[in-house]
Amino acid sequence: MPLRLATWNVNSIRARIGHLKRFLDEARPDVICCQETKVNNDAFPYAALREIGYRHILAVGQKAYHGVAIASRLPFEEEGARVWCKKDDKRHAFVRLNGVELHNFYVPAGGDVPDPETNDKFAHKLRFLKEMASWCRRERVKERPIVLVGDLNVAPLDCDVWNHKRLVRSVGHTPVESAHMARLLKAGGFLDAARHFAQPPAPLYTWWGYRFLQAFAKDYGWRLDHVWVTPSLVSSLARVEVVKTTRTWERPSDHVPVLLELG
DNA sequence: ATGGTGGTCCAACCA
């Protein structure tokens, strides 16, 4: 039975609930993983999602910042969340469904200056990626059927940003971040599923910033949102699609959804 | 070289 999964940094699930419902109606994933929900669990829009068939919901939220959620048409066989870097800032949730473990991450953005000595946010980001890698080794992630998705806030390849040369010193695309991500991929034995279908040097982006108004029109994008699978799931990979159209909707999230289909 | 916008929640932080 095919399984359709989506990941989307919605940049506030309450501000984006209309877009989220529209996307779910059009793309019809079985499961959606959201990041930056920016809402406490007691104010989470459970009813709006249950009304359209996503009856199983795991919200891991807090007020104003961060927050992740998983909403599903299929029941969860297990669910949970983990604290990373000893900061309980709601950046991870996981469920098991159809025998597949699904991990939803929101990696710290890292601030403006790519120097861990002077910028605590950048140091936190690197620590977070390192801790993810040691978790992969400790939990023997590569031996299990796992899908890891989310806003990982790193565009690791030259063709993951609109201008590599110009952005190579910018947070999100520095060599040190790309190296951390490469080690994480290796530690979990993950395949970067989006790049399985859109091989370099094909450009592929999931985020176009708000600050420059023409960013989307000029395709000044970054690939910050990722869908990875462990080796036992590689043979069932059917499709990955970046759904750019949501970025054209009124008052959009700066990120767009990524769809993953396992056949 | 700089600043630009958007969300949360009403000042200032984060992205």
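Computed over heavy atoms, backbone and side chain alike; hydrogens, waters and symmetry mates excluded. First the proteins, then the strands, lettered A, B, ... as listed; each starts at 1. These numbers come from a predicted model, not from an experiment.
Taking atom P on both nucleotides, B:dG6 is separated from B:dT2 by 23 Å, rounded to a whole Å. Nucleotides B:dA1 and B:dA11 have their C1' atoms positioned 28 Å apart, rounded to a whole Å. The gap from the C1' atom of B:dG3 to that of B:dC9 amounts to 24 Å, rounded to the nearest Å.
Pairs of residues two or more places apart, or lying in two chains, that qualify as salt bridge (charged side-chain N to carboxylate O under 4.0 Å, His left out) and include a residue from residues 220-235 of chain A are A:D160-A:R223, A:D192-A:R223.
Under the salt bridge (charged side-chain N to carboxylate O under 4.0 Å, His left out) criterion, A:D115 pairs with no residue at all, not counting sequence neighbours. Partners of A:K87 according to the salt bridge (charged side-chain N to carboxylate O under 4.0 Å, His left out) rule, which considers only residues two or more places apart in sequence or in another chain, do not exist here. Considering only residues two or more places apart in sequence or on other chains, A:A238 meets the side chain to side chain contact (heavy atoms under 4.5 Å, CB included) condition with A:E261.
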Under the 3.5 Å Watson-Crick or G-U criterion, the dot-bracket string of DNA chain B, with | for inter-strand pairs: ....((((...))))
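Within the 4.5 Å cutoff, side-chain heavy atoms of A:L184 are placed close to those of A:C136.
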Expected string for nucleotides 6-15 of chain B under the B/S/- scheme (protein heavy atoms, under 4.0 Å, primed atoms plus P, OP1, OP2 as sugar-phosphate) is SSSS---BSB
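A donor-acceptor contact shorter than 3.5 Å is absent between the side chain of A:N11 and the backbone of A:E36.
Annotation: A:W135 is in aromatic contact with A:W84 [ring centroid separation under 6.0 Å].
Stacking of A:R247 on the aromatic ring of A:W249 is not recorded, the 6.0 Å distance cut-off and the 45° axial limit not both being met.
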